[in-house]
Trainee: 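Below: one structure in structure tokens.
Letters A, B, ... mirror the listed sequences (proteins, then strands); counts begin at 1.
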Amino acid sequence: MLDMKFIRENADFVKKAITKKKTVVDIDKMLALDSKRRDIIHNVEDLKKQRNQASANIAKKKKANESADSVIAEMKKVGEQISNLDGELRDLDQQIKDIATWIPNLPHESVQEGGEDDMVIVREWGEIPEPTFKVLPHWEIGEKLGILDLEAATKISGSGFYLLRGLGARLQRALVSYMLDTHAADGFEEITAPYIVTEDSMFGTGQLPKMEDDMYKTTEDGMYLIPTAEVSITNIMKKEILDGKDLPIKMVGYSPCFRREAGAAGKDTRGMIRVHQFDKVEMVKVVHPDTSYEELEKLVAQAEKILQGLKIPYRVGTLATGDLSFAAAKCYDIELWASGVGKYLEISSVSNFESFQTRRMNCRFRNDEKKVQFPHTLNGSGVALARLIPAILENYQNEDGTVTIPEVLVPYMGGIEKIG
RNA sequence: GGAGAGGUGGCAGAGUGGUCGAAUGCGCACGCUUGGAAAGCGUGUAUACUCACAAGGUAUCCAGGGUUCGAAUCCCUGCCUCUCCGCCA
């Protein structure tokens, strides 16, 4: 959500920024409604002032045993006018909200204009290996080793699901522990939060209304399955007034993520790259507005730390304006090299939402001057398992068809150093 | 799921139709007092909208409707919390 006052005062800037984000919203209509709304507020508040004064008057007269009938009759009329205007106001508020909730966050000035193909790579880490043998894609090596059973998953849930078994399942558990431990050691509070949330929470982080089609929704209660732990964890702060001294707040949580992938039919259908349910460790920060871009850099580094620990080559890029998600002002994607499929896989997305989410959630903090202010929120995958496991199965694959366990995971695997 | 009770400011807790944004206490901040502290005394202590600012105004006692000239107070609906019963991991 953007600040209405800001939109009012910077209409052209906002319109341009929205276009950069490849979104269409009728700002002019909203501004017209807004000005009408303010006119009515003036009007109705004036009437309410009259009513309040008359009310006091009536009370006084009654106490003195005087007749207040004429004032009461008059106020009856005023009361009607007030309720009419209040009705109009409610209507306008709804119309304004209907538009406002579709306005995306504005891209940060440092973000390049463009679309999907305009990502700017800011750094690369590690050497892309040049294997001397034919590396099998993860779905082949996984099936061969009996640790990935896509057929069973399909039988159970249809297409777009995976099933890990044996050391595959254990590998995932090891990764989750490794990641949570790493982040916790760096000051992130570990969170286990609900995976099913209210519409209100989905709105708070900006998934709704725009991404409605990509969400799983329960029919009886109108609840949503989270597409990322970001939703649950960030909404911890919903409707709170935080103490400025507590910022930055750093949290991390593991969760399954549920995505309908409504618009992605046919893309990456093999293996576990694009699925309806996957697991992810997610980091969330709530920070002072002045520091959010420094915090963004730190958060990217935190995600990279996981990959460096696993010794898997990756690159980091900034998304162009048109590729940014609805709520993001700036976003880094981290892509991991997977030598079996022979390409980079997006494994982490680290974003600064500025005050977009906190406005929606009405989360504020008290600053040094004791004033309330919206903090900034950030989040980043730290990282997604359904992309990380394929990368491990491919990058750590040996010629004899075994897969070496990355060194940092061996303790988490109970000392097992190799699968197969 | 059934029965009951309840939701008031940072917290506790008054307030059952009239001048209530709301007594009182605690907490917190500042000042006085003190060698310093405690105690004591005094002052202050919400959020949002409207507004160029200030002043002023308006709204907010879980949320949404309703009754009324007027609602924290009465009525309806929803949400949440607690207690008991049932069910259950």
Trainee: Assess Lys250(A) against Phe188(A): is NZ or CZ under 6.0 Å from the centre of the six-membered ring, and within 45 degrees of the ring's axis?
Mentor: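 The answer is yes; both the distance and angle limits are met.
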Trainee: Give me the distance, rounded to whole Å, that separates rC84(B) from rA29(B) when you measure between the C1' atoms they each carry.
Mentor: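 One C1' to the other, the span is 45 Å.
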Trainee: Can you tell me the Watson-Crick or wobble partner of rU68(B), both distances under 3.5 angstrom?
Mentor: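 Its partner is none (no Watson-Crick or G-U wobble pair with both distances under 3.5 Å).
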Trainee: Check the distance between rG65(B)'s C1' and Leu89(A)'s CG and give it to me in whole angstrom.
Mentor: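 The answer, rounded to whole Å, is 16 Å.
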Trainee: Searching all strands shown, indicate the nucleotide that pairs with rA3(B) (Watson-Crick or G-U wobble; both distances under 3.5 Å).
Mentor: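 Answer to the pairing question: rU83(B), which forms a Watson-Crick or G-U pair with rA3(B).
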Trainee: When you compare rU47(B) with rA22(B), how far apart are their P atoms, in angstrom units rounded to a whole number?
Mentor: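 Approximately 15 Å lies between the P atom of rU47(B) and that of rA22(B).
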Trainee: Find the distance Asn362(A):CG to rU60(B):P and express it as a whole number of Å.
Mentor: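 Rounded to the whole Å, the gap is 17 Å.
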Trainee: With C1' as the reference atom in both, quote the distance from rA71(B) to rU19(B) in angstrom, rounded to an integer.
Mentor: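 Their C1' atoms lie roughly 15 Å apart.
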Trainee: For Glu295(A), enumerate each residue passing the side chain to side chain contact (heavy atoms under 4.5 Å, CB included) test, keeping only those at least two apart in sequence or located in another chain.
Mentor: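 Side chain to side chain contact (heavy atoms under 4.5 Å, CB included) check on Glu295(A) returns Pro248(A), Lys285(A), Val287(A), Thr291(A), Lys298(A), Leu378(A).
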Trainee: Which part of the nucleic acid, if any, lies within contact of Lys62(A), taking any heavy atom under 4.0 Å across all strands shown: a base, the sugar-phosphate backbone alone, or nothing?
Mentor: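 The answer is base, as Lys62(A) lies within the cut-off (heavy atoms under 4.0 Å) of a base atom.
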Trainee: Whole angstrom is fine here: how far is it from CD1 in Ile72(A) over to C1' in rG17(B)?
Mentor: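 Rounded to whole Å, this separation is 13 Å.
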Trainee: Under a 3.5 Å cut-off for both distances, is rC28(B) Watson-Crick or wobble paired, and to whom?
Mentor: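 Check on rC28(B): paired to rG44(B), both distances under 3.5 Å.
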Trainee: Do Arg360(A) and Phe203(A) meet the cation-pi criteria used here (NZ or CZ under 6.0 Å from the six-membered ring centre, within 45° of the axis)?
Mentor: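 Cation-pi check for Arg360(A) and Phe203(A): passes.
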Trainee: Using the P atom on both, measure rC32(B) against rU83(B) and round to a whole Å.
Mentor: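 Approximately 49 Å lies between the P atom of rC32(B) and that of rU83(B).
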Trainee: If pairing requires Watson-Crick or G-U wobble contacts with both distances under 3.5 Å, which nucleotide is the partner of rA38(B)?
Mentor: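 Looking at the geometry, rA38(B) pairs with no nucleotide.
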Trainee: Is there a side-chain hydrogen bond (donor to acceptor under 3.5 Å, both in side chains) between Gln302(A) and His183(A) once you walk through the steps?
Mentor: CA-CA 7 Å; Gln302(A) 188 68 29; His183(A) 299 313; 3.0 Å; yes
Trainee: Specify the separation, in whole Å, of atom NZ of Lys245(A) and atom C1' of rA29(B).
Mentor: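 So the NZ-C1' distance, Lys245(A) to rA29(B), works out to 12 Å.
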Trainee: So, using side chain to side chain contact (heavy atoms under 4.5 Å, CB included) as the criterion, who are the partners of Gln373(A) when residues are at least two apart?
Mentor: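 If we apply the side chain to side chain contact (heavy atoms under 4.5 Å, CB included) test to Gln373(A), skipping adjacent residues, the hits are Pro289(A), Phe365(A), Asn367(A).
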Trainee: Paired with rG56(B): which nucleotide, if any, by Watson-Crick or G-U wobble criteria at under 3.5 Å for both distances?
Mentor: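 rG56(B) is paired with rU50(B).
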Trainee: Take atom P in rU16(B) and the same atom in rU73(B), then report the distance between them in whole Å.
Mentor: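 Result for the P pair: 12 Å, nearest Å.
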Trainee: Between rG64(B) atom P and Lys97(A) atom NZ, what is the distance in whole Å?
Mentor: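 Going from NZ in Lys97(A) over to P in rG64(B) covers 11 Å.
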Trainee: Assess, by modelled atom type and distance only, whether the side chains of Lys280(A) and Thr228(A) contain a donor and an acceptor separated by less than 3.5 Å.
Mentor: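 Thr228(A) and Lys280(A) do have a side-chain donor-acceptor pair below 3.5 Å.
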Trainee: Using a 4.0 Å heavy-atom cut-off, write out nucleotides 44-59 of chain B from 5' to 3' as B (base contacted by protein), S (sugar-phosphate only) or - (no contact).
Mentor: --SSSSSS-----BBS
Trainee: Take Lys76(A) and Lys60(A), find for each the nucleotide of RNA chain B with the closest heavy atom, and name the residue whose nucleotide sits nearer the 5' end.
Mentor: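 Mapping each residue to its closest nucleotide by heavy atoms, the 5'-most match is Lys60(A).
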Trainee: Do we see a donor-acceptor contact under 3.5 Å between the side chains of Thr404(A) and Asn398(A)?
Mentor: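 Yes, a side-chain donor-acceptor pair sits under 3.5 Å.
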Trainee: Please report the distance separating the P of rA38(B) from the corresponding atom of rC28(B), rounded so that it comes out in whole Å.
Mentor: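 Between the two P atoms, the distance is 10 Å.
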Trainee: Could you tell me the Watson-Crick or G-U partner of rU33(B), where both distances fall under 3.5 Å? Say none if there is no partner.
Mentor: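 No nucleotide pairs with rU33(B).
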Trainee: Taking rG64(B) as the reference, what is the distance to rU45(B) when you measure between their C1' atoms (whole Å, please)?
Mentor: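 The same atom, C1', in both gives a distance of 31 Å.
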Trainee: Compute whether any side-chain donor of one residue and acceptor of the other, for Gln94(A) and Asp98(A), lie under 3.5 angstrom apart.
Mentor: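 The criterion, which ignores hydrogens and geometry beyond distance, is satisfied for Asp98(A) and Gln94(A).
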Trainee: rC30(B) and rC20(B): how far apart are their P atoms, nearest whole angstrom?
Mentor: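 That atom pair is separated by 31 Å.
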